[in-house]
Amino acid sequence: MAKEKIINIAVIAHVDAGKSTLVDAFLNQSGVFRDNEEVVDCVMDSDDIERERGITIYSKNCSIMHNDVKINIVDTPGHADFSSEVERIMKTVDTVILLVDSSEGPMPQTRFVLKKSLEQGLNPILFINKLDKKDARVDEVVDEVYELFMDLEANDDQLDFPILYGIARQGIAVRDPKEIEGIEIMGEGGQKIKKSPKGFGKFDLTPLFDTIIEHCKPYPDRDEEPLQFQVSTLAYDDYIGRLGIGRITRGKIREGQQVAVCKEDGEVVMRKVNQVFVYRGLKRMAVQEAGSGDIVVVSGISDISIGETVCDPQNPEAMEMIHIEEPTLSMNFMVNTSPFAGKVGKYVTSRHIRERLRKELEVNVGLLVEDTDSTDCFKVSGRGELHLSVLIENMRREGYELAVSKPQVILKRGEDGRTLEPIEEVVISVPDEYAGTVISKLNIRKGMMVQMAAENGYQRLEYLVPTRGLLGYRTEFINDTHGEGTMVRRFHSFDTWKGDIPQRVNGVAIAQEEGVCTPYALFNIQERVQMFVEPGVRVYEGMIVGMNSRSDDMVVNPCKAKKQSNMRAAGSDDNIKLSPARVFTLEEALEFINDDELVEVVPDDIRLRKRILNELERKRSGRVYDPVTKTVKYNN
């Protein structure tokens with residue numbers, strides 16, 4: 001029986017460039033779906049949070065057949081916080097399709113994912129997407145991509161990359177953009193063509209399929225060599241336990257086979273493979289055996305981890321471990337100690353939180369969990385606010401209760417003894433009238449402008465800003481630009497400490513006692529406070545109920561009721577008009593809080609609170625004696 005021809009590809013790009021949409025078109029045009037099958041958009045984004053936010057968080061696999069060649073496709077995240085998902089799959093693919101927006105051009109994350117693929121010696125295929133944009137600038141974008149390749153020191157073979165153009169949402173790819181001039185706007189009968197990944201008329205993804213097969217030779221036949229298979233991703237199945245996913249570098253793997261597992265510390269242990277699965281379309285299919293070059297899923301090895309190598313017992317040869325860049329942000333996960341603790345959540349103790357974090361470590365390689373002095377507190381480090389907030393959101397939905405602190409940057413000590421902090425590369429596109437405000441805010445936050453260019457009434461700003469300066473800035477940025485600005489950021493490097501950066505200007509309003517908020521009390525408070533709670537909401541002492549218009553914190557009583565008397569005007573209680581309360585998402589809450597505050601996360605709510613709930617104890621903890629004036633001052 002002839003060896004099956006296999007090519008493994010990854011689709012990489014900046015966020016929102018159209019990766020999952022292109023994979024949809026691949027699957028539609030390769031006959032994976034039945035004609036009458038209902039198919040959702042971005043079918044690979046199967047996780048609830050991915051669907052809600054419209055982003056890819058986890059790398060996922062599928063396969064298609066084209067001209068007797070099996071093409072395994074890996075859909076990767078584009079957001080910088082999940083770049084560890086991209087780093088570890090680069091060893092499993094033979095080439096990458098680099099998607100670049102025809103208007104935006106290469107963005108910060110484009111540089112990162114391309115750098116990782118070039119380091120692995122892969123020869124990319126460039127796909128210029130979204131040709132139907134009115135502000136498409138195809139020639140300039142291609143030139144920018146060439147410059148990016150040269151900046152990243154690509155070799156001659158890598159610089160000789162094929163270029164295709166198309167519209168992923170329409171399932172169209174062509175070798176020359178002139179072929180589809182006008183088609184993307186006017187369809188048959190003069191109507192604008194509808195979004196369909198099945199192609200349009202004579203145009204489809206055939207040129208891209210053909211380019212993949214021409215550009216990348218099928219994986220060589222190494223079935224007769226000793227087994228070597230490195231795990232790049234982990235998954236979990238409720239029935240068969242932990243699953244290891246990766247590419248077979250050489251040899252064959254069979255169900256029931258005895259194998260040697262080379263651990264990270266150099267130890268070699270004997271294990272038995274239960275089942276072997278390969279991808280057929282979107283489905284995992286059990287097979288008796290799989291050969292070299294294929295991406296497989298194996299079960300039965302309960303202690304397998306990412307980077308470990310499954311080998312032939314007679315020839316245990318470990319592959320180089322997968323190196324993941326270090327985290328840049330950390331926050332403390334604590335047991336919820338508020339008066340409302342345990343009323344809603346299913347898992348509330350430190351043991352529950354520890355086990356959940358340990359489980360997350362098995363599949364989330366960009367995460368780091370450390371113990372602290374307290375048994376009820378864990379230091380969790382990740383690649384960014386979104387990386388950590390997705391973990392917290394998943395825990396919340398699973399029934400966990402916890403309190404989390406303000407994110408803190410992870411500092412390093414340089415060789416010369418200087419303190420180093422993470423710096424991020426930020427690219428901002430903002431209307432001309434708001435550019436001055438944005439520049440002023442970033443300068444205050446110790447940002448350094450790298451480049452500034454005007455494009456069609458918009459200013460494109462490139463900055464290097466300390467990660468500390470960007471904490472809490474996104475909401476402010478959206479307000480300053482009236483929602484018209486876009487901001488993308490990516491970790492750049494560690495650099496010298498940039499000095500103090502101003503924190504939140506406004507103080508907060510803190511509840512004085514436990515009770516239920518009344519309209520009467522909130523009406524009197526809202527004159528000088530932007531409220532976070534509405535009438536009927538239960539609050540407790542130390543809970544943050546609003547943002548003060550001044551810089552100092554203020555203790556208020558949102559539960560105060562109107563005194564009862566026999567002198568009442570008809571309908572006067574109905575005339576109370578309250579401003580809408582501000583509702584926080586998890587990311588906004590993490591951005592908002594200061595160092596002495598916490599976010600309380602429970603399955604049905606997100607609350608803000610002070611670390612120390614009692615007002616008197618807060619004052620005592622912030623009390624500082626000034627020997628010059630011989631007076632006591634309060635920091636809080």
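Note that the numbering runs from 1 along the sequence shown for the chain.
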Quick check: Phe127 with Phe161 (ring centres under 6.0 Å apart)?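 No, too far apart.
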Does [X] pair with [Y] as a salt bridge, N-O distance under 4.0 Å?
| X | Y | result |
| --- | --- | --- |
| Glu317 | Arg250 | yes |
| Arg489 | Glu385 | yes |
| Arg222 | Glu224 | no |
| Arg111 | Asp151 | yes |
| Glu144 | Arg137 | yes |

Taking all non-hydrogen atoms of both residues into account, name the closest pair between [X] and [Y] and its distance.
| X | Y | result |
| --- | --- | --- |
| Val438 | Phe477 | CG2-CE1, 4.0 Å |
| Ile12 | Val113 | CD1-O, 3.7 Å |
| Ser102 | Lys133 | OG-CB, 4.2 Å |
| Ser63 | Arg280 | OG-CA, 3.5 Å |
| Gln257 | Lys252 | OE1-O, 3.7 Å |
| Val278 | Ala290 | CG1-CB, 4.0 Å |

Would you confirm whether [X], through its side chain, and [Y], through its main-chain N or O, come within 3.5 Å as a donor-acceptor pair?
| X | Y | answer |
| --- | --- | --- |
| His215 | Asn123 | yes |
| Asn67 | Val69 | no |
| Glu119 | Lys116 | no |
| Ser299 | Gln275 | yes |
| Thr95 | Cys216 | no |
| Glu393 | Val390 | no |

Provide the full list of salt bridge (charged side-chain N to carboxylate O under 4.0 Å, His left out) pairs with a residue in residues 90-100, sequence neighbours left out, each pair given once.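 Residue pairs passing salt bridge (charged side-chain N to carboxylate O under 4.0 Å, His left out), neighbours aside: Asp94-Arg247.
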Compute whether any side-chain donor of one residue and acceptor of the other, for [X] and [Y], lie under 3.5 angstrom apart.
| X | Y | result |
| --- | --- | --- |
| Asp294 | Asn72 | yes |
| Ser292 | Asp223 | yes |
| Asp75 | Ser20 | yes |

Let me see the working for Val310 and Ile304 under side-chain contact (heavy atoms from CB on, under 4.5 Å), right down to the final yes or no. CA-CA 9 Å; Val310 177; Ile304 193 77; 4.0 Å; yes
With side-chain hydrogen bond (donor to acceptor under 3.5 Å, both in side chains) as the test, would you mind laying out the steps for Ser103 and Asp135 before giving the verdict? CA-CA 6 Å; Ser103 168; Asp135 56 348; 3.0 Å; yes
Report, as yes or no, whether the 6.0 Å neighbourhood of atom CD on Glu214 holds more than 12 heavy atoms from other residues, nucleotides or ligands. yes
With Leu98 as reference, evaluate Leu148, Ile128, Leu126 under the side-chain contact (heavy atoms from CB on, under 4.5 Å) test and give the passing residue.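 Answer to the side-chain contact (heavy atoms from CB on, under 4.5 Å) test with Leu98 among Leu148, Ile128, Leu126: Leu126.
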Test side-chain contact (heavy atoms from CB on, under 4.5 Å) applied to Phe229 and Thr309, Thr249, Val298, the passing residue: Val298
Residues in side-chain contact (heavy atoms from CB on, under 4.5 Å) contact with Glu425, at least two apart in sequence or another chain: Pro108, Leu464, Arg490, His492
What residues form a ring pair (Phe, Tyr, Trp, His ring centres under 6.0 Å) with Tyr219, not counting sequence neighbours?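 With sequence neighbours excluded, Tyr219 shows a ring pair (Phe, Tyr, Trp, His ring centres under 6.0 Å) to no residue whatsoever.
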Set out, in order, the CA-CA distance, both residues' side-chain angles and the distance that settles side-chain hydrogen bond (donor to acceptor under 3.5 Å, both in side chains) for Glu588 and Thr475, then state yes or no. CA-CA 7 Å; Glu588 288 170 349; Thr475 306; 4.6 Å; no
